[in-house]
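These notes are about the structure you will find just below.
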Amino acid sequence: GGHFDLADRMFHSVREAWLSASKHNMADVKELIPEFFYLPEFLLNSNNFDLGAKQNGTKLGDVILPPWAKGDPREFIRVHREALECDYVSAHLHEWIDLIFGYKQQGPPAVEAVNVFHHLFYEGQVDIYNINDPLKETATIGFINNFGQIPKQLFKKPHPPKRVRSKVNGDLAAVPPNSNNDKIFFHHLDNLRPSLAPVKELKEPVGQIVCTDKGILAVEQNKVLVPPTWSKTFAWGYADLSCRLANYESDKALVVYECLSEWGQILCAICPNPKLVITGGTSTAICVWETGSSKEKAKSLTLKQALLGHTDAVTCLTASSSYRIVVSGSRDRTCIIWDLNKLSFVTQLRGHRAPVSALCINELTGDIVSCAGTYIHMWSINGSPISSANTFTGRSQQILCCCVSEMNEWDTQNVVVTGHSDGVVRFWRMEFLQVPETPAPKPTEPDVPDCCADEKIEGGESHNGDDDSSESEGEEPAAPRNPSTGGGSGSQPGSAVHRPRGPSSRAGASWSMDSGSDDSRRWSDTLSIDEKDGFVFVNYSEGQTKAPHPQPAHPGQGSLPQPLHPPAAEPRTYNQLKAGYRWERQLVFRSKLTMHTAFDRKDNAHPAEITSLSISKDHSKILVGDGRGRVFSWSVSDQPGRSAADHWVKDEVVDSCSGCTVRFSLTERRHHCRNCGQLFCQRCSRFQSEIKRLKISSPVRVCQNCYYNLQHERSVDDGCKN
């Protein structure tokens, strides 16, 4: 009717809508629309429409969410989607189909199922065109328009249940996350095994890696593979400013394009599809080129559109085929989202502290990750900031590439992966932390990274080691640890026991910055430090043992008191919010890969910066390309503790035992401590222990110091149980 409904009848609160439909109002027959499972924006009054006020004076705005949503529409939708995809819903989905589309929609089965509605709701029950009374006709049409219609009945017989993966004793049996049969790499970040030799070797730094059904393809920098066959490459960076289309296998040039020279030096290019090439460079323009359909026209590129918006050189480009967008990053410290269909400007992403160096788009959610200097920024597809993190570690390193895992978008264990100039691959997860309500002061110099290595996260329950907790030369993959345990990754004698720190002032946790728009952007300026780099690990279960509801334990932690904390595969906890605190979504460091590439590992004879990252379609492998042209493959170890791990010191660089200094020989073999990764002789590594942190459930070889530390952890855990 051209106006909003009465405020008291509008959807304003999830709780009130649920109570109305399930308890208070028998005429309320609402069902969840599809947007409840994929579109968080529909819960926000982003346009500030005047929706009126209820009779009790409540002014309508954003939809009021349940406490477990942590005030975040994205979390509300994620949990709904997770519930929709669970095995229980799969096993009972056919019952809902019977009610809405099936045999229980009409007739006696509908009466038995209490599934009967007003007669005007049903298809074919009223012929509007044969109603002679205009008043009655208008009333009928209005009635149907306002209250809807029941869908067409599709099935006359009971719908069969969905086929599930397997059944054991009549119960659904799925593959739980973190189980031995689960090979998804981001479920086992502490258990990734590298390929001992490169799976690909190029002559120059790796620029792009593509995982196909037939194998792994890789090209050097200044080249991109052309989809969907990946048999051709588009290359640039030649002295005459020309570009070339070449054969991937032979690298023989098929076509030389010279028409691009008038647009200056090309710095980046992408091929969203075989018909389009998008380039960016020193001209500040993003040029969209179209290849001809015929053989003759294929030898030339036609400029379809020049997209103008940046004020400095364009440094990186990425595109999403699912959402039909292109994102460009520039030295002007901004990103721009472009519509790939209309080839027009959508919005600008501002607030970067350095030239944008890497971009990627999540094909499932549309979320955009941009990297600038040492900072990661995550944005929604509409350009709203979600979170940011500073990856500064106290030494010179920049983010050179990034990618995201794209399996089951409701899975909280999905990661953002960043490749750095110090040769380290780092994994980040989106977590909810508790931060003080008090707003932080604005930084005095917003363009200078606030990289104080002493700053720590204090939102929620955060812990950090006072010093390096391992004598291993390599940086170990890290995991969330129980505050009562002393062992971090590879505990050694003299290592500091990680103790929980009380919630102190976190005024520096967030800072406001005027990005030039009307609204100031709120950012999380958290400096995370890992065990050697100073990253902090968040422990959800600390201080929750008295919670009234069972809370699942976080992977990597020791066992928690029973029965308040039953074991759970999913690290999803809805702990209560402390007084004076609010929930904030933050990118939290989770683990890293260092073997073969990290500069600060003395056992790396040829360290190299990380220049390219890729993830296999089944997410069983992550491919890492470096500045020396090597591509290494990382996958989940079949036997944790039995094969080479990232924190193991390489055999060839150590010639004596780390414990007693006896020299290795033909008769004195090298043995790795599975916990700290150091090399020991037979006598010094005769101890065996389980390592819960690495999900090693059977006893494996460890050194004496690690053995005592692990036993101490175990005794502390047993004490907590009792």
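What you see is a predicted model, and the numbers here were worked out from it, not measured in a lab.
Remark: K70 is positioned above the aromatic ring of F432, its terminal NZ or CZ atom under 6.0 angstrom from the ring centre and at most 45 degrees off the axis.
Other residues, nucleotides and ligands contribute only 12 or fewer heavy atoms inside 6.0 Å of the CZ atom of R15.
Taking the six-membered ring where tryptophan is involved, the planes of H118 and F143 are tilted, since the angle between them lies from 30° to 60°. Ring-plane geometry between F101 and W96 is classed as perpendicular, the angle between the planes exceeding 60 degrees on a 0 to 90 degree scale with a lower cut at 30. Ring geometry, F42 versus F11: the interplanar angle falls under 30°, so the pair is classed parallel (tilted spans 30 to 60°).
Of the inter-residue distances, the one linking Q153 atom CD with Y103 atom OH reads 11.5 Å to the nearest 0.5 angstrom. With values rounded to the nearest 0.5 angstrom, D72 atom CG is found 8.0 Å from L65 atom CG.
For F37 and F76, the ring centers sit 6.0 Å or farther from each other.
For P227, the side chain to side chain contact (heavy atoms under 4.5 Å, CB included) partners are W230, C271, not counting sequence neighbours. Under the side chain to side chain contact (heavy atoms under 4.5 Å, CB included) criterion, S614 pairs with I209, C211, L623, sequence neighbours left out.
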Item to check | Residue pair F632, V199: steps toward the side-chain contact (heavy atoms from CB on, under 4.5 Å) verdict | outcome: CA-CA 6 Å; F632 292 98; V199 294; over 6 Å; no
Next on the checklist: Show, in sequence, the C-alpha distance, side-chain angles and deciding distance for L99 and Q105, and conclude whether the side-chain contact (heavy atoms from CB on, under 4.5 Å) test is met.
Outcome noted: CA-CA 5 Å; L99 289 170; Q105 186 195 92; over 6 Å; no
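Evaluated for a side-chain contact (heavy atoms from CB on, under 4.5 Å) with I325, the options T318, N341, I361 yield exactly one hit, I361.
For T365 and E409, the side-chain atoms include no donor-acceptor pair closer than 3.5 Å. Between S637 and N191, the side chains place no donor N or O within less than 3.5 Å of an acceptor N or O (distance only, hydrogens not considered). Between the side chains of S384 and N382, no donor-acceptor pair is found at a separation under 3.5 Å.
Under the 4.5 Å side-chain criterion, counting only non-hydrogen atoms from C-beta, I381 is not in contact with D367. Within the 4.5 Å cutoff, the side chain of P272 has heavy atoms near those of the L340 side chain.
Looking at R429, its side chain never comes within 3.5 Å of a backbone N or O of V415 through a donor-acceptor pair.
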